[in-house]
Every structure is written in structure tokens, then in C-alpha cells.
2 protein chains.
Amino acid sequence: MSDRLPPLTALRAFDAAARHMSFSKAAAELNVTPAALSFQIKSLEEHLEAPLFRRLNRAVELTDAGRALAPGAADGFTALSAAWRAARRTVDQTTLTVTAGPAFTAKWLAPRLFTFAEQHPGIELRFSATLRLMDFTRDDVDVAIRFGFPREEEGLFSRKIIDEWLTPMMSPALAEQYPTPADLARAPLLHQVDTAMFKPSFDWPAWFRAAGLPPRFASGTQFSQADHALDAAVAGGGVVLARISLAEGDLREGRLVMPYKIALTTQAQYRFVCPDGVENRPQVKAFLGFLEEQTQALSGYGQDMTFVDAAEVAD
Amino acid sequence: MSDRLPPLTALRAFDAAARHMSFSKAAAELNVTPAALSFQIKSLEEHLEAPLFRRLNRAVELTDAGRALAPGAADGFTALSAAWRAARRTVDQTTLTVTAGPAFTAKWLAPRLFTFAEQHPGIELRFSATLRLMDFTRDDVDVAIRFGFPREEEGLFSRKIIDEWLTPMMSPALAEQYPTPADLARAPLLHQVDTAMFKPSFDWPAWFRAAGLPPRFASGTQFSQADHALDAAVAGGGVVLARISLAEGDLREGRLVMPYKIALTTQAQYRFVCPDGVENRPQVKAFLGFLEEQTQALSGYGQDMTFVDAAEVAD
DNA sequence: GGCTCACATAAGGGATACTTAAGTGAAATG
DNA sequence: CATTTCACTTAAGTATCCCTTATGTGAGCC
């Protein structure tokens with residue numbers, strides 16, 4: 001009964017058996033015969049000097065010792081296989097998995113996917129749209145695009161993608177009804193809750209203050225995601241205070257217009273993030289270059305804007 | 001470059017090499033020759049189809065792939081070895097590791113250790129005194145004694161040890177100076193912060209309310225641990241509102257007395273906790289029996305007390 | 001320039017782990 | 001109630017992997 005680790009193949013056999021609660025299913029998972037698995041379990045039990053399974057004739061069940069071992073063993077192998085996948089991603093030069101928020105994925109990444117595929121036919125892009133912050137070593141993700149304030153973190157490569165600013169946007173039809181900022185007093189406003197936690201805030205009250213108008217609060221529809229608010233604005237449902245990054249596609253196609261010349265700038269920005277070293281992999285370099293190239297198009301939209309920083313009009 | 005796990009012995013060799021940043025030290029740790037370890041690393045690199053180490057002539061350093069693999073591999077093997085130790089503890093009938101708070105360890109467990117050792121010479125008791133809540137599957141602990149409100153939790157066996165109550169205690173000399181509860185108005189009070197988060201609270205204000213006296217707040221010395229407050233009281237430093245469980249030893253030896261007959265009862269109690277199934281192991285049964293036997297002595301101390309529940313005098 | 005250190009490589013032996021084949025006992029089936 | 005089936009065990013033989021000893025290589029060190 002040594003304190004050192006038992007044979008690892010036997011441990012893995014036990015893990016599979018405990019997960020399936022069946023030796024034969026475990027054997028199938030590991031591509032060995034049931035006999036081999038039976039031997040592995042037996043060898044592990046000899047190392048422990050105690051049974052791990054109680055053999056009932058039609059089934060097996062864990063002993064106390066087995067119940068003590070099973071969860072930790074499962075955790076261990078899960079960690080090992082995640083680590084191995086992370087190492088494999090490092091080697092693989094043909095795929096790149098990007099995680100971004102739902103709005104950025106829908107309004108920015110997805111429409112440009114075709115262009116990237118054309119420029120880099122050898123690279124397969126994969127998206128994982130979630131607001132959850134990813135752990136690069138545990139989740140199967142290479143790089144992330146996150147919206148937030150600049151922040152240096154140990155072991156992470158980070159780069160600004162977009163200088164963000166916001167201004168009221170609406171469908172051309174609505175722009176005729178509300179030609180001046182003051183007309184917004186009677187316009188339906190669309191709100192987003194997904195940026196509500198940022199301070200200084202860049203919401204409708206902040207923009208009204210920047211425009212020198214009385215703020216309007218708590219009226220209009222709330223959207224949990226920015227892309228849905230934009231879609232509602234395109235459909236003529238109201239006026240949205242949108243990030244230029246997300247709106248660029250709809251502006252270019254003429255589905256949205258920016259009738260007023262007052263914009264709110266913010267330190268919050270879309271940033272590219274990946275573990276240190278990953279930025280040197282060829283497909284990541286290609287993706288970074290693509291991001292820079294594509295974001296240059298944004299600079300044209302701010303030509304005749306008057307910019308007011310969100311911090312200056314903080315409540 | 002398969003997505004399945006590589007040979008586990010090779011992974012373990014890599015883990016050791018990455019931790020030591022040296023093949024020969026890793027070989028020594030695993031009790032194999034450096035040549036064997038070199039082969040294991042090489043085999044792992046062939047599975048990955050990429051180098052994991054950069055061989056400098058006097059040293060090795062991790063490649064990007066190695067840096068991606070190392071932390072997760074370390075986590076995995078840590079989890080596996082913790083799980084194995086947990087299983088081994090299940091089998092071992094000669095040792096029992098108990099975790100408890102510092103006060104209970106000092107004032108209750110440690111003084112009774114000798115008695116337990118006499119009754120059960122075959123069992124080696126180990127203590128781990130910490131306020132941190134333990135994870136039975138990860139930390140090397142069999143059973144825990146925790147102070148708190150009764151709470152059922154999935155997968156945990158739990159049993160009340162002591163019906164707790166509190167009353168002012170002090171050295172016999174001080175008791176002569178402060179013969180009645182009203183005299184406490186001019187006595188130095190000792191406070192404990194470690195029970196401050198319990199609601200309904202059982203602190204000095206609660207006791208004063210139970211005694212029908214005007215409460216005194218925020219005067220006297222604060223102790224972070226209950227055993228230190230008791231020691232201060234023994235030394236004549238003041239009056240402590242102490243848990244009967246912790247004070248029993250000092251009461252029995254006459255170092256502390258309870259001059260007033262008003263006590264505060266609370267639903268908070270010392271509880272024995274262990275993972276389901278562990279309560280059936282022989283040394284755990286022995287320890288549980290010992291706890292029950294030893295706590296019976298406490299019932300004698302409440303004979304002529306008037307009990308007021310903390311909930312009735314909650315602020 | 002020779003020594004040492006750390007890792008690489010080669011070849012052979014020995015331990016592990018797997019396979020096939022046969023066996024056991026209880027539950028399911030008719 | 002006999003038969004089949006199912007899940008695991010056991011036995012014997014074999015392939016594989018892993019480790020050993022011995023030797024080789026290159027860079028730093030005295």
C-alpha cells in the first residue's frame with residue numbers, strides 16, 4: 001500500500017469504470033477487452049489492498065474506497081486531457097478558435113468571416129460566442145476578444161482593436177422624423193443592459209449630458225445584448241446609442257444613419273487577448289493582421305463628429 | 001497527433017521534468033535513469049509532433065507547447081495523487097486526521113488526546129487546526145469538527161456533538177469583586193470576534209438583554225480566537241462570555257467560575273462532519289464514541305442555570 | 001586542452017498490458 | 001424449471017512498452 005501513485009493505466013481504467021459503472025463499457029471506451037479492464041481494476045485493488053468495486057452479478061457498485069477515489073480521479077484525467085488539448089492547439093496551425101461576446105460575434109466577426117476565409121484559405125476559424133470569461137488553459141479556446149477597460153494581466157498578451165465611440169443611430173426613415181438631437185425627447189429609445197456595469201458610463205443619460213440636453217431615463221425597450229438593440233433600430237423600432245464597432249456594417253449598408261454630430265468616447269474598448277506566446281503562432285498573426293486591417297475602415301465614420309469623453313459627463 | 005490522451009507515463013515524466021526544469025532531477029524523482037526519462041519526453045514529443053523542450057546544452061527550457069501543457073499536467077497529477085491519498089485513508093485503520101478550529105483544538109481536543117490514546121492505542125490521531133473549511137476529497141483530512149448552525153449537506157454525514165450555551169465566566173478572585181450580574185457594569189469585558197457573524201448573535205449585548213440589564217457595548221479587549229479570550233480570563237484579565245464546551249476544562253480545574261445563573265442558549269453548535277460512509281470506519285466510530293462519552297460530562301454544568309435562548313433576545 | 005555536466009542514442013532484457021478462450025454465477029426468458 | 005444471457009473473472013500466451021547499461025555529443029568550466 002504505497003503512498004506513491006499507482007500505475008496510471010490502472011487508474012485510468014478505474015476512472016472509466018467508475019464513470020460508466022460498468023467494466024465492459026469502460027473497456028469499450030478504452031478500446032480494450034473486458035478482460036484487460038478487469039485485470040487493471042484488480043491490479044489497482046491490489047495496490048490499495050482493498051476492493052474498489054463490489055461485484056454484484058449483473059452490475060458493479062463502488063465501495064467507500066472507490067467513492068473516495070472516483071471524483072478526484074475524474075478531475076485529474078479531465079485536467080490532463082484539457083492540458084493535452086491545449087498543447088495540441090499550440091501545434092495546430094490550421095485552426096484558430098476565437099471567443100467573443102454574442103454582439104461582437106454577430107455584428108463584426110460573422111459578417112467578415114468570408115473575407116478572412118478568402119485571404120487565409122488554410123486557416124479554419126471557429127467561434128465560441130459567450131460572455132463568460134474563458135480560462136485559456138481549461139477551455140478549448142486560443143484567443144479572446146473582450147470589451148472592457150485596458151488592463152494588463154500577468155501572462156496575457158493584450159492589444160486594443162478599436163477606439164470606441166457611440167452616437168445615436170436609427171433607420172433613415174426615423175432620422176427624417178427626428179432631425180435634431182432635441183427631437184429625441186419624443187423618440188423611442190432603445191437601451192442595452194450589457195454595458196450597464198461600466199463606470200464612467202456611456203449610456204443615454206451620458207449622451208444627453210454631452211449634447212447639453214435634459215436626460216431621459218428609464219423609457220423605451222431594454223435589450224440584453226447590443227446586437228438585438230441594433231437589429232431593433234434597423235427595423236425602425238427606435239433610436240439606439242450604439243458602439244461604432246458594432247454598427248459599422250449597418251451604417252455601410254445604409255440601414256442605419258447617424259444624424260447628429262455629437263459622439264461619446266469611452267476608455268472601454270474591444271481588446272484582443274491571448275496567453276503570452278500564442279500571439280506568435282502563424283494563424284494568430286494572420287488573425288491579428290486581419291483585425292487591424294478591418295478596423296481601419298472605422299476611422300472614416302468619425303470625420304465630422306464632435307467627441308465628448310464619457311468621463312467628462314459622468315453622473 | 002491524436003486527440004486522445006498520450007501515454008500517461010510519458011505525461012508524468014514531462015510533468016516532473018517541467019517542475020524541475022531538468023531531465024536528470026525528474027528521473028531521480030521518478031526513480032528511473034535519465035536515459036529512460038529522455039525517451040519518455042521524446043515519445044511524448046512524437047505524439048504531439050512538436051518539441052516540448054528546447055535543449056540548451058546545460059539546461060532545458062519549455063517551448064510554447066510545453067508551456068501550454070505544463071500547468072494543466074501539474075494540476076492533473078496533483079488531483080490524481082490527492083484522490084489516491086483519499087482512497088488510501090479509507091483503507092488505513094490506524095490513523096485518523098481531524099480538523100477543527102484553533103479554539104476547539106486547544107481547549108477541548110488537545111487536553112483529551114491522552115485519554116483517547118489510552119482507550120485506543122492502535123489509533124494515531126492527527127490534528128489540523130484551521131478555520132478554513134476543508135474539502136475532504138482534496139485535503140488530507142478524514143473528519144471535521146465545525147461550529148455553526150445545523151445544516152444538512154449532500155454527501156456529508158453530520159452529527160451534533162454539544163448543546164451549546166454561554167454564561168459569564170471569570171477567575172475566582174474576580175468573582176468576589178463582581179458577585180452579581182449588575183456588578184458587570186464596572187467589570188472589564190473580554191470579547192471574541194470569531195463568533196460575531198452568527199445571527200441571532202450570542203455576544204455580550206445579548207446576554208445583558210437576557211439578564212434584564214442595560215447592555216454595554218464596545219468596551220474591553222477583542223480576541224480573534226475564543227481560546228485566547230478564555231486564557232485571558234483565567235489570568236484574571238476580565239470576564240468572558242464563554243461557550244461551555246470550551247470552558248469545561250478551566251471550570252473543572254477551578255480556574256474559572258460561573259457566578260451568575262443566567263445562560264444564553266444558541267442553535268449554533270459544535271458538529272462532527274465527514275463524507276458519507278466515512279462514519280463507518282472503525283477509527284471514526286471509535287472517535288465518535290469518544291466524543292459522545294466526553295461531552296456527557298458537560299451536562300452537569302447547567303444544573304441550576306436559567307436558560308434564555310439567543311433568538312428571544314435578538315437585537 | 002582536457003574535464004565535467006546534461007542530455008541523446010543504441011541495443012537488449014524484463015515487466016506490463018493486452019488478447020483469446022474458457023469459466024462462473026445470477027438474472028432474465030420461455 | 002431449464003435455458004439463455006449477461007457481466008465479470010481467470011488462465012495462458014504474446015506483443016508492446018519501458019527501463020537498463022553503455023556509449024556518444026556538445027558546451028561550459030578550470
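Numbered from 1 within each chain, the chains take letters A, B, ... in sequence-line order.
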Query - Members of residues 21-38 of chain A that approach DNA chain D, where some heavy atom sits under 4.0 Å away - result: A:S22, A:F23, A:S24, A:A35, A:S38
Query raised in the report: Is the phosphate of D:dT9, meaning OP1 or OP2, less than 4.0 Å from a side-chain N or O of A:K42?
Result: no
Query raised in the report: For B:L52 and C:dC7, what is the distance between atoms CG and C1' respectively, to the nearest whole Å?
Result: 15 Å
Report summary line: Heavy-atom nearest nucleotide on DNA chain C taken for B:V60 and for A:T9; more 5' hit belongs to B:V60
Query raised in the report: Looking across every strand, which nucleic acid part, if any, lies under 4.0 Å from A:R55 by heavy atom: base, sugar-phosphate, or nothing?
Result: sugar-phosphate
Report task. Please report, rounded to the nearest Å, how far the P atom of D:dC18 is from the CZ atom of B:F14. Result -> 17 Å
Report task. State which of C:dA17, D:dA11, C:dA26 makes the closest approach to the side chain of A:P7. Result -> C:dA17
Query raised in the report: Just how far, in rounded Å, is C1' of C:dA8 from CD1 of B:I41?
Result: 13 Å
Requested in this report: Provide, to the nearest angstrom, the distance between the CD atom belonging to B:E61 and the P atom belonging to D:dA27.
Outcome: 16 Å
Report task. In whole angstrom, give the distance that lies between atom CZ of A:R58 and atom P of C:dA28. Result -> 6 Å
Report task. Specify whether A:F287 and A:F290 have parallel, tilted or perpendicular ring planes, treating 30° as the upper limit for parallel and 60° as the lower limit for perpendicular. Result -> parallel
Query - B:L37 vs B:L30 side-chain heavy atoms within contact, under 4.5 Å - result: yes
Report summary line: Rounded to whole Å, the CZ-P distance (B:F39 to C:dA10) equals 7 Å
Query raised in the report: Does atom CZ of A:R112 have more than 12 heavy-atom neighbours from other groups under 6.0 Å away?
Result: yes
Report task. Please check if atom CD in A:Q267 has more than 12 non-hydrogen atoms from other residues, nucleotides or ligands closer than 6.0 Å. Result -> no
Report task. Check whether any side-chain nitrogen or oxygen of B:Q40 sits under 4.0 Å from OP1 or OP2 of D:dC19, and answer yes or no. Result -> yes
Report task. Please answer whether the main-chain N or O of B:D92 pairs with a side-chain N or O of B:Q283 as donor and acceptor at a distance below 3.5 Å. Result -> yes
**Report entry** Value in whole Å for how far the P atom of C:dA17 lies from NE2 of A:H47
**Finding:** 8 Å
Query raised in the report: Would you call the rings of A:F104 and A:Y270 parallel, tilted or perpendicular if under 30° counts as parallel and over 60° as perpendicular?
Result: tilted
Report summary line: To the nearest angstrom, the CZ-C1' distance between B:R54 and C:dC7 comes to 16 Å
Query - Backbone of A:L69 reached by a side-chain donor or acceptor of B:W84 within 3.5 Å - result: no
